[in-house]
Amino acid sequence: MRIDFAFAAKLLKEHSQIEILCHKSPDGDTLGCAYALCRALQSMGKKAKISIDDVIPHSFDYMNDNIEVQQFEPDLIVAVDVATFDLLGSKEYREKYRDRVDLCIDHHTTNTDFAKYTLLETEPEAAAAAETLLLVLYEVGADVDSGVAECIYTGLSTDTGCFRYSNTTSRTLRMAADMVDKDIPFEMVNKRMFETRTKTYNALETLALASMEMHFDGKCALITITQDMYHKSGSDESESHSLKAIPRQIEGVLAGVTLKEDADGLFRASVRTNAPADACRICARLGGGGHKRAAGCDVPGKTLAEAKQAILDSVAAELESL
Ligand SMILES: [Mn+2]
């Protein structure tokens with residue numbers, strides 16, 4: 001059931017033992033929302049904890065400072081920035097939460113209403129779930145101190161490519177300005193999120209760049225990240241996220257595709273587009289979803305060649321429709 005801000009705030013106010021869920025392959029938005037909410041709830045004297053079925057990259061460590069680790073049985077379960085139930089994690093992990101997620105605060109048009117109550121602001125309303133969450137925190141009357149503000153800022157900046165993507169609105173910028181007014185170390189956040197690279201990431205990027213292929217008269221660029229590349233570079237999946245931005249950066253590209261092989265040999269595509277190509281439509285053809293300029297899907301195919309063909313067919317269909 002879709003709910004409004006007042007109802008979401010009421011749910012948070014009426015409960016005192018709250019578990020917060022992130023999506024797998026966590027990014028700055030899902031983590032920023034989770035840490036911001038956890039901090040705000042703990043400073044209201046409530047019990048709050050974050051659960052996630054994945055490794056949290058070290059670059060996000062700063063948001064975890066001063067959060068108390070609390071163990072308890074939740075009376076409210078809240079998912080943040082999670083569009084579908086499957087995105088919570090592995091089959092075994094998510095079974096624990098089947099029909100148990102009470103509230104979902106999200107900004108994906110593809111949200112499946114898997115939670116009992118859903119507070120949804122879709123693009124162009126909210127570039128990041130952190131925008132929606134911030135409004136919930138205001139509605140709750142929570143103290144948005146610098147610790148909370150730093151987490152909200154992380155969500156805002158990471159989902160907008162540091163306020164460069166077309167999903168950025170004046171509201172996003174105003175909220176970011178309000179967070180900066182709380183004396184947050186935004187330069188440190190930007191540096192960690194957008195500049196600092198590990199040696200292993202650098203090695204992985206080199207391999208990914210070497211895999212680049214151009215298709216359809218240069219309108220599509222595709223890079224591949226295989227398990228073998230993780231081994232060769234000493235990197236792992238947690239470092240692969242910022243690679244997704246690369247194919248779209250090439251002049252003339254409308255659809256930038258990153259095809260990743262997971263540990264089970266299955267393939268997943270991340271698609272980033274430039275207008276007028278629609279990333280969500282490209283991924284929806286294969287059963288996935290997301291946003292207009294950024295979306296993802298599982299790609300059928302037992303081999304890399306088959307997976308490549310499947311995603312390229314969907315890109316071709318999109319390009320022909322323009
Ligand atoms: Mn998001």
Side-chain angles (χ1 to χ4, degrees), residues 5 8 20-38 50-54 56-57 59-60 63 78-89 101 103-115 118-137 148-169 171-173 175-176 179 189-190 192-194 238 240-245 248 258 268-273 278-280 283-284 288-297:
F5 285 96
I20 304 160
L21 308 180
C22 295
H23 63 71
K24 62 183 176 185
S25 302
D27 58 16
D29 192 27
T30 195
L31 291 171
C33 286
Y35 284 118
L37 182 57
C38 190
I50 297 169
S51 297
I52 183 162
D53 186 31
D54 220 325
I56 300 176
S59 51
F60 295 109
M63 291 195 284
V78 184
V80 284
D81 193 40
V82 181
T84 70
F85 183 69
D86 290 1
L87 287 172
L88 285 177
V101 181
L103 171 63
C104 179
I105 298 171
D106 187 30
H107 70 130
H108 293 92
T109 40
T110 46
N111 189 290
T112 55
D113 290 288
F114 66 93
T118 304
L119 176 65
L120 190 71
E121 279 196 305
T122 55
E123 273 178 36
E125 281 178 302
E131 290 190 29
T132 314
L133 181 74
L134 179 62
L135 295 177
V136 173
L137 294 179
V148 173
E150 181 178 272
C151 302
I152 294 288
Y153 180 88
T154 301
L156 299 176
S157 65
T158 50
D159 261 20
T160 57
C162 213
F163 312 103
R164 289 174 303 146
Y165 300 157
S166 63
N167 60 351
T168 310
T169 66
R171 186 180 88 169
T172 320
L173 295 167
M175 285 178 164
M179 299 305 101
V189 176
N190 291 341
R192 281 195 179 218
M193 295 298 119
F194 303 103
S238 71
S240 67
H241 304 302
S242 37
L243 295 170
K244 298 172 195 166
R248 180 178 65 178
T258 304
R268 193 170 163 79
S270 292
V271 179
R272 300 283 185 270
T273 56
D278 188 320
C280 194
C283 292
H291 305 290
K292 244 184 173 161
R293 299 284 165 260
C297 60

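As the structure lists them, so they are numbered: ligands from 1, and atoms in each ligand from 1. Along the sequence shown, residues carry numbers from 1.
A donor-acceptor pair is defined here as one N or O able to donate and one able to accept, closer than 3.5 Å; no such pair exists between the side chain of Asp54 and the backbone of Lys24. Proximity of a side-chain donor or acceptor of Arg192 to a complementary backbone N or O of Ser59 within less than 3.5 Å is detected.
Protein N/O/S atoms closer than 2.8 Å to the Mn ion (ligand 1), listed by chain and residue number, are Asp29 OD2, Asp81 OD1, His107 NE2, Asp159 OD2.
Between His291 and His107, the ring planes are tilted. Angles from 30° to 60° get that label.
Here the shortest heavy-atom pairing between Val82 and Asn111 reads O-ND2, 3.4 Å. Summarising the geometry of Ala130 relative to Leu156, their closest heavy-atom pair is CB-N, 4.0 Å, with the distance given to 0.1 Å.
Looking at Thr112 and Phe85, their side chains never come closer than 4.5 Å, going by heavy atoms from C-beta outward.
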